[in-house]
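Some notes on the structure that comes next.
This one's a predicted model, so the numbers in the text were calculated from it and none came from an experiment. Indexing begins at 1, ligand by ligand and atom by atom, following the structure's order.
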Amino acid sequence: MTETQPATGQPELSIVVPVFNEEAVLQMFYDAMRPVLDGITPAWDIVFVNDGSRDRTAEIIAGLHARDPRVKLVDFARNHGKEIALTAGLDHAHGKAVVPMDVDLQDPPETIVRMVEQWRAGYDMVLARRSDRSEDSFLKRFTANGFYQVMNRVSDVKLPDNVGDFRLMDQRVVAVLRQYRERTRFMKGIFASLGFRQTVVEYARPQRAAGTTKFRAWKLWTLALEGIVSFSSAPLKIWTYIGLAGAAFALMFMIYIVLTTLLFGNTVPGYASLISFVLLFNSLTLIGLGVIGEYIARIFYEVKGRPLYILRGTLGIDP
Ligand code: UDP
Ligand code: MG
């Protein structure tokens with residue numbers, strides 16, 4: 001395949017795709033994307049970030065790059081997780097507009113056409129909102145809903161509903177994002193906190209085209225925790241109030257004990273209530289400590305100031 005494309009100069013559109021063990025779907029993704037992107041502009045590139053895959057993902061991308069140099073690769077030395085992979089992709093995406101998306105075609109390529117229209121109409125950020133979540137299991141929808149409710153209540157940023165990482169950003173927005181160097185990062189929250197001129201396009205989210213989901217329940221739980229801890233200090237502060245309520249209760253209970261002792265003499269029983277309170281308040285103390293630990297662990301990781309990701313190499317990326 002020989003391509004007519006500008007060898008130098010800034011691409012009009014960069015697609016950023018984190019991939020982890022995705023050999024089954026890569027070729028399909030490229031075949032689906034190519035005609036759509038060509039319809040928008042010949043000056044596009046796709047920046048794949050290989051997130052430490054243990055299958056043939058890197059080889060397949062290298063093959064695509066050999067045939068079409070607009071396919072580029074940022075290769076991690078190990079798995080860092082999707083959020084960091086996305087960050088690395090944005091670091092290396094120099095298009096005038098940048099679109100991060102999943103490789104499994106759950107973010108439909110045709111949506112990009114409508115996003116680009118809105119961008120050319122003057123918006124800096126175009127969010128793709130799922131018109132329904134009927135493809136997700138009941139449990140995933142239920143927990144996602146719960147998470148959004150809690151998150152929007154306790155944090156200062158408001159997460160838009162049913163919006164994921166799939167969006168179009170002007171290079172201006174990406175330039176701001178590049179300055180966010182926190183290690184423990186929750187991209188949805190960071191995106192939401194940026195501002196700029198935003199608009200929304202709707203799309204229906206299909207099933208994964210091939211391969212299996214890379215997110216398990218535990219990963220989603222840690223992601224949710226990440227979101228809340230990095231955008232809210234409410235879990236940290238709530239312990240003051242729990243402590244105050246506990247103290248108020250203890251005071252009333254003390255008055256009650258003193259009074260009954262004065263009125264009825266020292267009746268020894270009380271083992272049950274005693275042991276209950278000891279257990280209850282000790283557990284609350286431990287939970288409070290655990291929450292503080294979550295924050296301290298993050299402070300610890302941040303102050304070390306290690307690089308966000310380790311590169312094995314790149315393909316087609318200018319130094
Ligand atoms: N992914 C990644 N690193 C990981 C996990 C996932 O780069 O540690 C990528 C994956 O290859 C895919 C995208 O993130 O392109 C979304 O993953 P997936 O489709 O498995 O998530 P789901 O759609 O099930 O939430
Ligand atoms: Mg998916």
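- Among the atoms of Asp104, an N, O or S atom is found under 2.8 Å from the Mg ion (ligand 2).
- Atoms of ligand 1 found under 4.0 Å from any heavy atom of Gln106, numbered from 1 in the order shown, are 19 (O), 23 (O).
- The pair Asp170-Arg197 fails the salt-bridge criterion, with no side-chain N (NZ, NE, NH1 or NH2) lying under 4.0 Å from an Asp/Glu carboxylate O.
- Taking each heavy atom of Asp107 and Met101 in turn, the nearest pair found is O-CE, 3.2 Å.
- No cation-pi contact links Arg172 to Phe196, judged by a cut-off of 6.0 Å to the six-membered ring centre and 45° from its axis.
- Considering backbone and side-chain N/O atoms, Ala85 never comes within less than 3.5 Å of an N/O atom of ligand 1.
- Only the side chain of Arg205 comes within 4.0 Å of ligand 1, counting heavy atoms alone; its backbone N, CA, C and O stay farther away.
- Only the side chain of Glu22 comes within 4.0 Å of ligand 1, judged by heavy-atom distances.
- Scanning all heavy atoms of the two residues, the minimum distance from Val163 to Tyr148 falls at O-OH, 3.9 Å.
- With respect to Glu294 and Arg298, a salt bridge is recorded, a charged nitrogen being found less than 4.0 Å from a carboxylate O.
- The Val103 neighbourhood of ligand 1 comprises atoms 15 (O), with distances under 4.0 Å to a heavy atom of that residue.
- Ionic pairing of Asp51 and Arg78 is not present here: no N-O contact between side-chain nitrogen and carboxylate oxygen is shorter than 4.0 angstrom.
- Here is the list of ligand 1 atoms found below 4.0 Å of a heavy atom in Val19: 7 (O), 11 (O).
- Under 4.0 Å from ligand 1, the heavy atoms of Asn79 that appear belong solely to its side chain.
- Per-residue contacts place Asp104 under 4.0 angstrom from the following atoms of ligand 1 (heavy atoms of the residue considered): 19 (O), 23 (O).
- Taking 4.0 Å as the cut-off between side-chain N and carboxylate O, Asp91 and Arg181 count as a salt-bridged pair.
- Residue-to-ligand polar distances keep Gly81 apart from ligand 1: every N/O pair is separated by 3.5 Å or more.
- With respect to Lys96 and Glu12, a salt bridge is recorded, a charged nitrogen being found less than 4.0 Å from a carboxylate O.
- In Asp51, the part holding a heavy atom less than 4.0 Å from any atom of ligand 1 is the side chain.
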